[in-house]
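Working notes for the structure below.
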Number of protein chains: 2
Amino acid sequence: MYKNSEFVSKLRNSGLRPTKQRLKICEVLFNRDKTFHFTINDLAKNISENFNEKISLATIYNTVHAFKDKGYLKEITISSDKSYFDTNITKHHHFYDEDTNLLIDCNDNEIGKVNIKNNITGKKISSVEVLVRVASDTQNQN
Amino acid sequence: MYKNSEFVSKLRNSGLRPTKQRLKICEVLFNRDKTFHFTINDLAKNISENFNEKISLATIYNTVHAFKDKGYLKEITISSDKSYFDTNITKHHHFYDEDTNLLIDCNDNEIGKVNIKNNITGKKISSVEVLVRVASDTQNQN
DNA sequence: AATTTATATTATAATCGTTCTAAACTGTTG
DNA sequence: CAACAGTTTAGAACGATTATAATATAAATT
């Protein structure tokens, strides 16, 4: 569990003013035992249901994008109509359960290192992401 | 180069009526030497610029999705605001050039086989996709 | 601690890609 | 060729996201 003052420094250190909205969002996102995945909608709902204060949707969008830009969140794109964010910012891969629409982190003991033998000339690799879609056996696959 | 009658059978075989709109779209997508990537917008623009006939945007959406469902196209999701389709329906991975927004197919000699050691219990793997984001050296990476 | 300045929040409007609708049209079957 | 199911169409509707511009707040300056 983090103290409020830790979030204040975290924000200040990255040039973001520690406003009460941002601190509340920090609390919701980072005061947890485990990292997790969420959509903007999940977050907005979480805040409005569990707290008296209401934060404008625009602010939630702005803050999530600011946190992403500062590297406090990663965005994971599964499909064009669903954008997930991940509080686990370490390099890792995902399983996506097509039955439940749930995203599950992979550990290194689940997916081995991806061997990139040749990169595009003159370019640097900025990320390597594996997405393993899974579904129950009865489901049709593509 | 395919003949029109080949597209007619292809469509009939998958339960799609060979309408002139669908045949035109087949021609644009599949009468090529190489597979390629496109967005719905690219396709609509291509048709309206290069042909006299105009096809309604709704029809383009319907047809692309029908072709995807029948397995003639693969959808590739790079970011929530851009949905690409690929006429290469074989299993393969991609490089995504963040400078140019260009998607490039990987061959097997570029990315080795992804080793999935443990799958989610009771689930079947429906696809494994690797996306390697690249950018010029000067670009900042995340 | 008051003033100034820059930054952030807000509600709402605007935008954009996509899907829906319902009427007109076309391909297929008998 | 009649009947029917499937398809196309323009435009409306939708939903997620972004822009706007007024207000509020935080930080810097006096």
Side-chain angles (χ1 to χ4, degrees), chain A residues 4-5 7-28 37-48 51-70 72-73 75-85 101, chain B residues 4-5 7-28 37-48 51-70 72-73 75-85 101:
Chain A
N4 197 271
S5 64
F7 292 134
V8 171
S9 333
K10 179 174 182 157
L11 291 170
R12 281 234 179 77
N13 288 341
S14 50
L16 297 172
R17 285 185 179 173
T19 63
K20 77 172 166 14
Q21 291 85 347
R22 283 171 179 166
L23 288 168
K24 173 60 66 187
I25 292 173
C26 278
E27 200 185 300
V28 172
H37 306 112
F38 66 94
T39 65
I40 297 272
N41 199 41
D42 293 338
L43 179 57
K45 211 172 160 192
N46 184 330
I47 292 169
S48 76
F51 301 94
N52 289 16
E53 323 166 42
K54 41 183 153 309
I55 301 181
S56 166
L57 192 56
T59 301
I60 296 179
Y61 272 97
N62 288 340
T63 303
V64 167
H65 286 132
F67 285 7
K68 183 198 160 190
D69 293 344
K70 297 301 180 183
Y72 302 148
L73 292 172
E75 190 169 5
I76 303 155
T77 310
I78 270 76
S79 70
S80 44
D81 63 329
K82 246 187 207 322
S83 192
Y84 288 88
F85 292 88
N101 288 347
Chain B
N4 197 271
S5 64
F7 292 135
V8 171
S9 336
K10 180 175 181 154
L11 290 170
R12 280 232 181 79
N13 289 340
S14 50
L16 297 171
R17 284 187 181 171
T19 64
K20 76 173 168 14
Q21 292 86 348
R22 284 172 178 164
L23 288 168
K24 174 60 68 188
I25 292 173
C26 278
E27 202 185 296
V28 172
H37 305 113
F38 66 95
T39 64
I40 297 271
N41 199 42
D42 293 338
L43 179 58
K45 210 172 159 191
N46 183 331
I47 292 169
S48 75
F51 302 94
N52 289 17
E53 323 167 41
K54 40 184 156 311
I55 301 181
S56 166
L57 192 56
T59 301
I60 296 179
Y61 272 96
N62 288 341
T63 304
V64 167
H65 286 133
F67 285 6
K68 183 198 161 190
D69 293 343
K70 297 300 180 185
Y72 302 149
L73 292 172
E75 190 168 6
I76 303 154
T77 311
I78 270 77
S79 69
S80 44
D81 63 330
K82 245 186 207 324
S83 193
Y84 288 88
F85 292 88
N101 288 347

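FYI, side chains are in, hydrogens and waters are out, and symmetry mates aren't considered; it's all heavy atoms of this structure. In what follows, every chain begins at residue 1, and chains take the letters A, B, ... in the order their sequences are listed.
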Exercise. Is it the case that A/K68 places NZ or CZ above or below the six-membered ring of A/F85, under 6.0 angstrom from the centre and within 45 degrees of the axis?
Worked result: no
For this session: Measure the distance from CD1 on B/I40 to P on C/dC16 and round it to the nearest whole Å.
Result: 18 Å
Problem set entry | Side-chain donor-acceptor pair present, A/Q21, A/T63, cut-off under 3.5 Å | no
Exercise. Once you round it to whole Å, what is the distance between P of C/dG27 and CG of B/L23?
Worked result: 10 Å
Exercise. Relative to the 5' end of DNA chain C, which residue comes earlier, A/R17 or A/S80, by the nucleotide with the nearest heavy atom?
Worked result: A/R17
Exercise. According to a strict under-4.0 Å criterion, is A/S56 in side-chain N/O contact with OP1 or OP2 of C/dT9?
Worked result: no
Problem set entry | Among C/dT12, D/dT17, C/dC20, the nucleotide that comes nearest once only the side chain of A/A58 is considered | C/dT12
Problem set entry | Gap between atom CG of A/N46 and atom CG of A/N41 - 0.5 Å precision | 11.0 Å
Exercise. Nearest of C/dT10, C/dG17, D/dA16 to any side-chain atom of A/Y61?
Worked result: D/dA16
Seminar exercise, completed: Atom CZ of B/R22 and atom C1' of D/dG6 are separated, to the nearest Å, by 8 Å
For this session: Would you indicate which nucleotide in C/dT18, D/dT17, C/dA11 comes nearest to any side-chain atom of A/L57?
Result: D/dT17
For this session: State whether A/H65 places a side-chain N or O below 4.0 Å from either non-bridging phosphate oxygen (OP1 or OP2) of D/dT18.
Result: yes
Problem set entry | Selection from D/dT9, C/dG27, D/dA27 that lies nearest to any side-chain heavy atom of A/R12 | D/dA27
Exercise. Hey, is the main chain of A/S79 close enough, under 3.5 Å, to the side chain of A/T77 for a donor-acceptor pair?
Worked result: no
For this session: Whole angstrom is fine here: how far is it from CD1 in B/I47 over to P in D/dT8?
Result: 12 Å
For this session: Classify the nucleic acid contact of B/T19 as base, sugar-phosphate or nothing, counting any heavy atom under 4.0 Å across all strands shown.
Result: sugar-phosphate
Exercise. Counting side-chain heavy atoms from C-beta on, which of C/dT18, D/dA19, D/dT9 comes nearest to B/S83?
Worked result: C/dT18
Problem set entry | Length of the CD-P vector between A/E53 and D/dA24, whole Å | 18 Å
For this session: In whole angstrom, give the distance that lies between atom NZ of A/K20 and atom P of D/dA27.
Result: 14 Å
Exercise. Among C/dG27, D/dT8, C/dT9, which nucleotide sits nearest the side chain of B/P18?
Worked result: C/dG27
Exercise. If you measure from NZ on A/K24 to OG1 on A/T59, what distance do you get to the nearest 0.5 Å?
Worked result: 14.5 Å
For this session: Rounded off to whole Å, could you give me the CG-to-P distance for the A/L11 and C/dA8 pair?
Result: 10 Å
Exercise. Of the nucleotides D/dT8, C/dT12, C/dT9, which has the atom closest to the A/N62 side chain?
Worked result: C/dT9
Exercise. With respect to the phosphate group of C/dT10, does any side-chain polar atom (N or O) of A/Q21 fall under 4.0 Å of OP1 or OP2?
Worked result: yes
Seminar exercise, completed: Rounded to whole Å, CG of A/N13 lies from P of D/dA27 at a distance of 13 Å
